[in-house]
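Quick notes on the structure that follows.
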Amino acid sequence: MQHRVHDVETLCQYINPTADELAAIEATKAVFRWNITPYYARLMDQDDPNCPIRKQVVPRLDELEPDLVGVVDPLEEVAHSPVKNLIHNYRDRVAFCVTSECAIYCRYCLRKRMVGDADFMMRRAEHQAAIDYIAAHPEIRDVLLTGGDPLTFNEAHLDWLLSRLRAIPHVEVIRLGTRMPVKLPFRITDDLCALLQQYHPIWVNTHFNHPKELTDDAAEGLDRLLRAGVPIGNQTVLLRGINDDAETLRTLSQGLVRLRVRPYYLYQAQLIGGTAHLRTSIEKGMELMEALQGTTTGFAIPKYVLDTPYGKVPLTRSYVQGRAGDHVIMKTPRGTRWAEPNPLPNGEARTLHLPSLPLPDGIATIPTGSDTFVPFAVEREVF
Ligand SMILES: *Cc1c(COP(=O)(O)O)cnc(C)c1O
Ligand code: SF4
């Protein structure tokens, strides 16, 4: 942390910055903090400004394009915070932004409004106020410690925080949202793991965006956490020119699964000012998900979601196209269609209001209402 790169001179030891990058470092100073750990800096390509690592952490002049000026809190997190930095937007769980510090500052960060900003740092009394709120709300069974990055705290403070949360009987699960395995895997020390282990069930969600981030050091950090019994999930942000192609996403997911990390969410990038150059369309994201479906291990496929002030919305293309008589017509991952008889117990009202389609050729002879249903493909494909 002490050796983080935050001046041009040091940056030049790692890459040959472009004129755009040099101008942007100066011009974005007042907008968003800039910091890169030496470990993460070494993953950058020296000469390629389009390097997927470099694009995540080195400022670009694109950040100053007039884009959603004034949009700093699209999820209305502040409105959903009953006490400072505690977001209570789902009945049974809270996101507790315990710090505004991070080891690196991702240029597309959802919480740019607070991350790296001293006003959002929390004093111990403010942590205590949030803990008191959680203790007074028995419906909260899941507490997500996020930020910023909660692993920027030292062990003593983490111990203070975790022991107080664990002492609340209705808190079942404690989760940590941290990018340390990606940007500073050496933070996952044996001491830290021994500490976390005392407060199980602890889950970790981390944030790998590109296969280049899956280094041996990252693998070692993840392994230490896993050996302490901490299940690890991964949240990726879909970013233009960084991971918005099926091959990159598949390689990332498969690499994570090899390291025993479960791909959890693929986030549609939020509408945050200064990030237009990194956002992709939702159609593109849905196409990528379709390309993953059926072409890799089922649990290597994350759920593609858009976060809104009303909760996360799964952006899933429905494979169910409609109904033809008593059959539900669906598209298979191989592009063929499938008609599945859809039995209804006598007298039960239909609750699926699917659009009615003409009965495709080839299934008209299946007796509807029969009690022996044989699913079959309408269109077959040889593979
Ligand atoms: C994402 C999020 C959570 C956790 O949601 P899960 O779907 O359970 O992972 C909790 N609180 C807030 C405010 C969130 O944005
Ligand atoms: S690690 Fe997370 S909270 Fe920190 S800057 Fe990156 S995206 Fe934002």
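Worth saying up front: this structure is predicted, and the values here are computed from it rather than measured. Ligands are counted one by one from 1 in listed order, and the atoms in each one are counted from 1 as well.
- The nearest N, O or S atom of C109 is not closer to atom 4 (Fe) of ligand 2 than 2.8 Å.
- Each of the following atoms of ligand 1 lies closer than 4.0 Å to a heavy atom of D307: 15 (O).
- For D149 and T178, the side-chain atoms include at least one donor-acceptor pair closer than 3.5 Å.
- The distance from ligand 2 to the heavy atoms of I104 drops below 4.0 Å at these ligand atoms: 5 (S).
- Within the listing of ligand 1, atoms 4 (C), 5 (O), 6 (P), 8 (O), 9 (O) sit less than 4.0 angstrom from a heavy atom of R175.
- Only side-chain heavy atoms of K312 come within less than 4.0 Å of ligand 1; its backbone N, CA, C and O stay farther off.
- Contacts between H88 and ligand 1 below 4.0 angstrom, taking non-hydrogen atoms only, are absent altogether.
- Using a 4.0 Å cut-off to heavy atoms of R179, the atoms of ligand 2 that qualify are 1 (S).
- Of the N and O atoms on the side chains of N85 and E126, not one donor lies less than 3.5 Å from an acceptor on the other residue.
- In this model, a donor atom of one side chain and an acceptor atom of the other lie less than 3.5 Å apart for N89 and H80.
- At a heavy-atom cutoff of 4.0 Å, ligand 1 is contacted by no atom of D142, backbone or side chain.
- Ligand 1 places these atoms under 4.0 Å from at least one heavy atom of R93: 4 (C), 5 (O), 6 (P), 7 (O), 8 (O).
- The I87 neighbourhood of ligand 1 comprises atoms 13 (C), with distances under 4.0 Å to a heavy atom of that residue.
- The protein non-hydrogen atom at the shortest distance from atom 2 (Fe) of ligand 2 is H207 ND1, 4.3 Å.
- R107 contributes no side-chain N or O that, together with a main-chain N or O of K55, makes up a donor-acceptor pair within less than 3.5 Å.
- Atom 4 (Fe) of ligand 2 has as its closest protein heavy atom C102 SG, 2.3 Å.
- Taking atom 1 (S) of ligand 2 as the reference point, the nearest protein heavy-atom neighbour is K183 NZ, 3.2 Å.
- Between the side chain of H127 and the main chain of V98, a donor-acceptor pair closer than 3.5 Å is present.
- Nearest-residue assignment for atom 6 (P) of ligand 1 (options W203, Y90, Y264; heavy-atom criterion): Y264.
- Side chains of Y265 and D307: a donor-acceptor N/O pair is absent below 3.5 angstrom, by distance only.
- In this structure, T37 contributes its side chain and K183 its backbone to a donor-acceptor pair below 3.5 Å.
- Between the side chain of T28 and the backbone N or O of V31 there is no donor-acceptor pair closer than 3.5 Å.
- Inspection of the H207 and N205 side chains reveals no N or O donor paired with an N or O acceptor under 3.5 Å.
- Y40 and V58 fall within a single hydrophobic cluster, where Ile, Leu, Val, Met, Phe, Trp and Tyr are joined by side-chain heavy atoms under 4.5 Å apart, directly or via other members.
- The distance from atom 6 (Fe) of ligand 2 to the nearest N/O/S atom of C106 is under 2.8 Å.
- Against a heavy-atom cut-off of under 4.0 Å, Y265 is close to the following atoms of ligand 1: 6 (P), 7 (O), 9 (O).
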